[in-house]
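Below is one structure, written out as structure tokens, with a few remarks after it.
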Amino acid sequence: MENVLQHFRKEEQPFIEQIVSILRDVEDRYAPKLTDFLDPRQQFIVDSIRRQHEDISSKAEGTLEDAERKRVLLFPSYYTPSNNDFSMRVVEVHYPTKFVTLKHKDVLGSMMSLGIDRSKFGDIRVQDGAIQFVVAEEVMDYVRANFTSIGKVKVQINEIENPIDYFTQQEEWISETLTVSSLRLDTVIASIFNISRQKSATLIQSGKVKVNWSEKNQVSLELQELDLLSIRGLGRVKLLMIEGRTKKDKIRLQIGRLELKS
């Protein structure tokens with residue numbers, strides 16, 4: 001366990017311990033176990049730990065095409081998983097679009113006000129004002145009964161049965177390579193957006209930077225592979241791969257910038 005923990009951040013340890021416990025359960029009971037919805041960084045952690053268990057396989061599923069948030073099924077290698085194992089539902093939100101246009105952040109805010117953890121919800125897709133999101137089957141009845149408004153707008157949700165009606169991904173990650181002097185949060189943001197370290201530090205300290213969906217105000221935070229950065233006013237960036245060091249001892253990164261498909 002100590003060897004596993006040393007490769008990850010201290011704040012990730014409770015999550016790692018939870019995954020190790022699930023893996024032990026799978027080994028002891030010879031039965032599959034399902035996680036909640038995980039972000040890409042968490043999926044990476046699960047896969048890293050799971051690889052130490054030769055007799056356990058895993059599969060990640062988010063229902064929607066190119067989903068970012070996924071549930072991971074951990075199962076004995078002889079088991080063949082089915083779609084039903086992932087226990088997910090896709091719903092569409094109906095509201096008077098003639099009078100108001102709701103955005104991703106509005107939907108997320110209303111989800112959080114239900115008192116259900118974010119990990120019970122998958123991706124949220126908004127297209128031309130229409131909204132779909134993925135929800136864990138175990139909270140579906142509660143969501144159906146209580147998700148009745150977004151802000152002051154009354155809404156109605158209907159489950160979508162046919163995958164042909166699911167929204168496709170309207171976002172595309174454009175990859176590029178750059179070199180940085182360190183993996184500090186302020187240094188990486190300054191390099192990616194070609195701004196000064198001082199401006200980068202100001203963005204972080206003023207609460208405008210999120211790493212893996214959590215606000216971070218520590219400029220010296222060390223970034224790791226598959227971290228997702230969201231910088232208010234500048235956009236979203238994913239650290240796809242840390243490729244190693246150059247001859248001048250700089251760190252070569254492969255990153256993805258978020259672009260909207262036209």
In plain terms, say whether [X] and [Y] are close enough for a salt bridge, that is, a side-chain N and a carboxylate O under 4.0 Å apart.
| X | Y | result |
| --- | --- | --- |
| Glu176 | Arg252 | no |
| Glu215 | Lys208 | no |
| Asp39 | Arg69 | no |
| Arg9 | Glu222 | no |
| Arg197 | Asp186 | yes |
| Glu68 | Arg125 | no |
| Asp28 | Arg24 | no |

Do [X] and [Y] pair up side chain to side chain, a donor and an acceptor below 3.5 Å, judged on atom types alone?
| X | Y | value |
| --- | --- | --- |
| Ser119 | Asp117 | yes |
| Gln224 | Arg41 | yes |
| Asp85 | Tyr79 | yes |

Within the distance-only criterion (no hydrogens, no angle test), does the side chain of Arg184 pair as donor or acceptor with the backbone N or O of Leu221 below 3.5 angstrom?
no
Between Val135 and the options Met140, Glu159, Arg144, the side-chain contact (heavy atoms from CB on, under 4.5 Å) test singles out Met140
What residues, two or more places apart in sequence or in another chain, satisfy ring pair (Phe, Tyr, Trp, His ring centres under 6.0 Å) together with Phe167?
none
What pairs with Glu137 under side chain to side chain donor-acceptor pair (under 3.5 Å), at least two apart in sequence or on another chain?
Arg89
Show every donor-acceptor pair shorter than 3.5 Å between a side-chain atom in residues 237-251 and any protein atom, with sequence neighbours excluded, or say none if there are none.
residue : atom : partner : partner atom : Å
Arg245  : NH1  : Asp249  : O            : 3.0
Thr246  : OG1  : Lys248  : N            : 3.3
Thr246  : OG1  : Lys250  : N            : 3.0

